[in-house]
S.K.: 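Below is one structure. I have some questions about it.
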Amino acid sequence: MKRKLIYIAAGFVCAVGLVSCQLDEYNPSAGSATLENYDTWAGLQTQCYSTLYHELYSKSDFLFLSECGTDLWLNPASTEYSSQVFYYTGLGVERSEPQKTWQQAYSVIATCNSVINNAENVNGGNSENIKVLAAEAKCIRAFMHLTLVTYFGPITLCTTEVGIVNTAPTRNSLEEVYSSITTDLQEAAADLGVEPFGGNYARVTKKTALGLLARAYAQGAGEGLEENGVSYWQRAKEVAEDMITNASSYGMYLYDDVSDLWAQENNRQNKEALFVAAGLDATNGDAGSGLYNNSSSYLYAYIKADPNKCSDIYGTQSASNSYLGNHSQGGVMAPTKHAIDVFDEWDKRYENTFLTAYGQFTMEGSTAQNYKNQSLRISSTTCNRYGISTEFSGDSIHPYVAMSTTSEPGGTQPYALGVYPKGNKLGENAQLETSKNVFVIDYPLAVDEDRFPIYLSKTDLSAEEKAQRRYFCMNISDLFDADGNYSEDTYRPGTMATSANLLFPSLIKYNWCYDGVTRHLSTDSYDFRNGDIFIMRSAEIYLIAAEAEVMLGNSGAAASYLRTLRQRAVRTGYTMTDISSPTEQDILDEYAREFAGEHMRWPVLKRHRANGLMKSALANYNKLAYAGFDESIHYCRPIPKLFLDQISNAEEYGDNVYGYTANKGY
């Protein structure tokens with residue numbers, strides 16, 4: 001019962017931020033007593049991980065906050081939906097995205113503090129285990145403080161525990177916050193092991209702490225910070241280079257082929273992960289992390305296009321139940337033209353990032369979803385409407401993915417058996433080919449392809465070239481108007497107007513299709529996709545090393561790190577474009593290629609604002625965001641109204657110049 005009470009108390013922490021430690025539901029004396037017991041203390045320690053998947057990395061709020069308002073993302077359907085974070089219009093203290101991030105981060109910090117501050121008082125348990133678990137809490141505390149200072153600027157360093165009241169918090173300086181973060185991470189790295197505690201891959205390790213230390217130095221470098229007279233860029237370089245040089249001793253790994261990084265079978269326990277938000281594993285009915293039961297991720301839904309907008313060429317017996325995934329909130333986050341153009345022709349990170357060929361599936365044991373019923377017969381009307389040569393009238397476009405289901409503790413699980421080969425007419429499963437990832441379609445799509453009704457081409461094709469294909473082909477450049485926004489005009493590829501203008505390349509990094517990843521709710525018409533999500537992975541260390549070298553004036557040294565990432569991304573039959581002397585802009589472009597959609601773009605752009613690169617990124621590639629962007633305000637997110645209303649010194653604390661308080665606060 002005591003253990004349950006401490007969990008409940010931890011759940012209440014920071015419902016509104018720092019001051020929620022004053023909540024009456026929590027009894028400090030009872031909590032103190034239970035925390036002397038190792039099992040209870042260790043149980044509370046698992047709650048340090050709770051918000052990672054449960055909130056931050058499974059909901060749209062933090063995804064929008066960290067990726068939108070940049071050069072990579074637009075809302076393809078409406079300029080109104082979440083325009084405050086997409087385009088800065090009307091962004092204020094009541095907006096949910098910054099508010100939730102604020103709440104969730106401070107909630108975890110208070111829990112970490114309770115763990116850290118009580119470690120020496122724990123009775124029972126192994127002293128080494130206590131040291132490691134306390135170090136984990138320090139690592140996560142530093143990560144949450146880093147998240148807060150990145151988005152909100154000078155914030156309050158929270159060192160108080162669950163149950164401590166602070167109704168008049170004050171801000172710490174950037175120097176104080178970053179010093180605390182780097183100290184926490186250095187101490188955590190010293191005490192954490194190379195292997196995760198208890199063999200649980202979702203727990204932080206030495207490489208996590210060091211990786212976050214490199215990230216913290218890079219982010220702080222963008223603020224002009226120094227440590228003992230040494231630039232944070234130099235410190236970032238030192239940590240990153242040490243990790244790369246001694247990768248094996250830290251357990252750091254980089255896949256030789258980027259397609260293996262995104263292979264479905266490598267989603268769980270990915271060897272390149274430095275820090276992961278672990279999702280529900282339906283094969284055992286529990287969270288992959290073994291720490292906290294996470295079961296409701298639907299990030300994939302916000303970043304996928306709906307090919308059913310062109311139902312006359314995509315529709316079959318059950319198009320709405322496509323392996324692509326179904327969700328009522330789809331299609332609100334689409335790539336800018338720059339996010340597409342930044343990829344060179346040789347770079348297969350493109351198709352491992354975006355889905356541009358939309359196919360159908362079969363379901364084993366289903367008559368309605370068998371091969372015949374899921375095939376599309378091309379009519380002359382379809383040819384005329386979509387600019388397809390009438391020589392293909394009467395031909396068929398066949399399914400691509402063969403699906404099946406299995407019963408698991410987490411429920412009935414759909415998964416991919418394999419893909420049908422091109423030219424297959426029979427639909428026999430014996431002919432299936434294996435696929436590392438059924439959402440990754442080799443680029444460019446072959447002219448004689450017969451498994452995809454819709455293809456969005458990165459390379460501009462002429463009407464004559466499009467007509468040579470039995471499928472509808474649209475140039476991605478035709479999706480955009482002259483200002484680089486998604487066009488609202490209907491698209492006429494042939495004799496009739498279509499809704500093809502509503503399509504876009506879909507980010508696939510949060511869409512998965514393997515046994516154990518899908519949680520189906522019988523009361524809803526969609527599935528949750530609960531794959532593991534990278535918080536940090538090894539490639540970032542290489543990019544931080546390159547970034548630091550460029551900022552320190554050593555562009556030649558930076559090139560070798562970029563070359564390592566590029567060489568593993570070269571598409572068969574192509575030659576990599578080498579880069580011998582990268583610029584600061586080249587670094588930002590490489591981040592876009594490697595990490596598009598991975599909760600990083602806004603922070604990376606922010607730390608290069610000194611040379612105007614965040615502003616120019618918006619001016620060049622996201623004119624809607626540029627029109628709403630105010631440099632005097634928008635480099636920091638608003639302090640939440642919910643928090644300000646709970647403290648006694650709101651005017652002193654300030655709201656970061658968003659107009660709710662008279663003072664900025666720092």
Side-chain angles (χ1 to χ4, degrees), residues 64 67-83 85-89 302-310 313-314 330-345 347 349-351 353-358 386-387 441 443-445 454-463 465-466 471-494 496-508 585 588-589 592-593 596-597 601 605 614-629:
F64 289 175
E67 286 287 327
C68 298
T70 70
D71 54 345
L72 299 186
W73 305 103
L74 297 168
N75 185 334
S78 170
T79 57
E80 298 301 320
Y81 183 88
S82 294
S83 61
V85 287
F86 274 83
Y87 308 125
Y88 301 98
T89 55
Y302 293 93
I303 53 183
K304 70 177 184 66
D306 182 4
N308 291 292
K309 300 296 184 183
C310 298
I313 193 171
Y314 187 76
V332 297
M333 183 173 159
T336 62
K337 192 171 185 297
H338 173 61
I340 302 300
D341 292 343
V342 75
F343 290 93
D344 292 326
E345 292 297 308
D347 196 338
R349 287 177 293 188
Y350 174 67
E351 60 261 37
T353 299
F354 295 113
L355 175 69
T356 56
Y358 294 91
Y386 287 98
I441 313 301
Y443 179 88
L445 201 64
I454 298 172
Y455 173 55
L456 306 179
S457 177
K458 182 177 183 296
T459 302
D460 283 348
L461 302 175
S462 67
E465 289 172 317
K466 295 176 184 177
Y471 49 88
F472 166 47
C473 182
M474 182 180 187
N475 293 332
I476 292 174
S477 61
D478 290 335
L479 290 167
F480 299 95
D481 62 22
D483 290 327
N485 302 317
Y486 278 90
S487 174
E488 297 181 2
D489 298 331
T490 56
Y491 182 66
R492 186 183 293 269
M496 291 172 276
T498 71
S499 296
N501 62 295
L502 300 177
L503 301 174
F504 56 86
S506 300
L507 181 69
I508 56 174
Q585 183 60 53
L588 294 183
D589 290 346
R593 299 179 190 104
R601 191 58 178 175
L605 287 180
M614 183 169 184
K615 185 177 180 180
S616 65
L618 300 181
N620 293 330
Y621 306 120
N622 189 343
K623 288 182 171 54
L624 287 173
Y626 180 71
F629 185 72

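A quick note: this is a predicted structure, and the numbers were derived from the prediction, not measured.
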S.K.: What's the shortest heavy-atom distance between Leu507 and Ala596, and which atoms?
M.R.: CD1-O, 3.8 Å
S.K.: Please say which of Asn620, Thr70, Asp589, Asn622 ends up in a side-chain contact (heavy atoms from CB on, under 4.5 Å) with His338.
M.R.: Asp589
S.K.: Apply side-chain contact (heavy atoms from CB on, under 4.5 Å) to Tyr491 and Leu503, showing your working.
M.R.: CA-CA 10 Å; Tyr491 182 66; Leu503 301 174; over 6 Å; no
S.K.: So, using ring-ring contact (aromatic ring centres under 6.0 Å, His included) as the criterion, who are the partners of Phe86 when residues are at least two apart?
M.R.: Phe64
S.K.: State the CD-OG1 distance between Glu345 and Thr459, to the nearest 0.5 angstrom.
M.R.: 4.0 Å
S.K.: Is the number of heavy atoms from other residues, nucleotides or ligands under 6.0 Å of Glu465 CD greater than 12?
M.R.: yes
S.K.: Kindly indicate, with the supporting measurements, whether the criterion side-chain contact (heavy atoms from CB on, under 4.5 Å) is fulfilled by Ile340 and Tyr350.
M.R.: CA-CA 8 Å; Ile340 302 300; Tyr350 174 67; 4.0 Å; yes
S.K.: With heavy-atom distances below 4.5 Å as the criterion, would you say the side chains of Val332 and Ser82 are in contact?
M.R.: no
S.K.: Any side-chain heavy-atom pair from Tyr626 and Lys615 closer than 4.5 angstrom?
M.R.: yes
S.K.: Taking all heavy atoms of Phe504 and all of Pro76, pick out the closest pair and write down the distance.
M.R.: CE2-CG, 3.6 Å
S.K.: Between the side chains of Asp483 and Asn485, does any donor sit under 3.5 Å from an acceptor?
M.R.: no
S.K.: For residues 334-343, which residue pairs qualify under salt bridge (Lys or Arg N to Asp or Glu O under 4.0 Å), counting only residues two or more places apart or in two chains?
M.R.: Lys337-Asp341
S.K.: Could you go step by step and tell me if Asp478 and Lys466 meet the salt bridge (charged side-chain N to carboxylate O under 4.0 Å, His left out) rule?
M.R.: CA-CA 13 Å; Asp478 290 335; Lys466 295 176 184 177; 3.8 Å; yes
S.K.: What are the two closest heavy atoms between Phe354 and Ala339, and how far apart are they?
M.R.: CE1-O, 3.8 Å
S.K.: Less than 4.5 Å apart, side chain to side chain, heavy atoms only: is that true for Cys310 and Ile454?
M.R.: yes
S.K.: Hey, does Arg492 have a side-chain heavy atom less than 4.5 Å from the side chain of Asn501?
M.R.: no
S.K.: Using ring-ring contact (aromatic ring centres under 6.0 Å, His included), reason through Phe472 and Tyr455 one step at a time and then give a plain yes or no.
M.R.: CA-CA 6 Å; Phe472 166 47; Tyr455 173 55; 10.0 Å; no
S.K.: Between CG of Leu618 and CG of Leu605, what distance do you get to the nearest 0.5 Å?
M.R.: 7.0 Å
S.K.: Does a side-chain heavy-atom distance below 4.5 Å link Met333 with Leu72?
M.R.: no
S.K.: Which pair of non-hydrogen atoms, one from Gly597 and one from Trp73, has the smallest distance, and what is that distance?
M.R.: N-CZ2, 3.6 Å
S.K.: If we ignore hydrogens and angles and just use 3.5 Å, is the side chain of Tyr386 paired with the main-chain N or O of Pro493 as donor and acceptor?
M.R.: no
S.K.: If you define the side chain from C-beta out and look only at heavy atoms, does anything of Tyr87 sit under 4.5 Å from Leu74?
M.R.: yes
S.K.: Do you know the tightest heavy-atom contact between Pro505 and Leu456?
M.R.: N-CD1, 3.7 Å
S.K.: If we ignore hydrogens and angles and just use 3.5 Å, is the side chain of Arg601 paired with the main-chain N or O of Asp71 as donor and acceptor?
M.R.: no
S.K.: Report the distance from atom CZ of Arg593 to atom CG of Leu588, rounding to the nearest 0.5 Å.
M.R.: 10.5 Å
S.K.: With heavy-atom distances below 4.5 Å as the criterion, would you say the side chains of Thr498 and Lys309 are in contact?
M.R.: no
S.K.: State which residues pass side chain to side chain donor-acceptor pair (under 3.5 Å) with Ser506; sequence neighbours excluded, sorted by chain then number.
M.R.: Tyr358
S.K.: Is there side-chain contact between Ile508 and Thr353, with at least one heavy-atom pair below 4.5 Å?
M.R.: no
S.K.: Checking Asn475 side chain against Leu461 main chain: does a donor-acceptor pair fall under 3.5 Å?
M.R.: yes
S.K.: Show your reasoning for whether side-chain contact (heavy atoms from CB on, under 4.5 Å) applies to Thr356 and Ile441.
M.R.: CA-CA 8 Å; Thr356 56; Ile441 313 301; 6.0 Å; no
S.K.: Taking all heavy atoms of Phe480 and all of Pro335, pick out the closest pair and write down the distance.
M.R.: CZ-O, 3.6 Å
S.K.: If I take atom CD1 from residue Ile313 and atom CG from residue Asn308, how far apart are they, to the nearest 0.5 angstrom?
M.R.: 12.5 Å
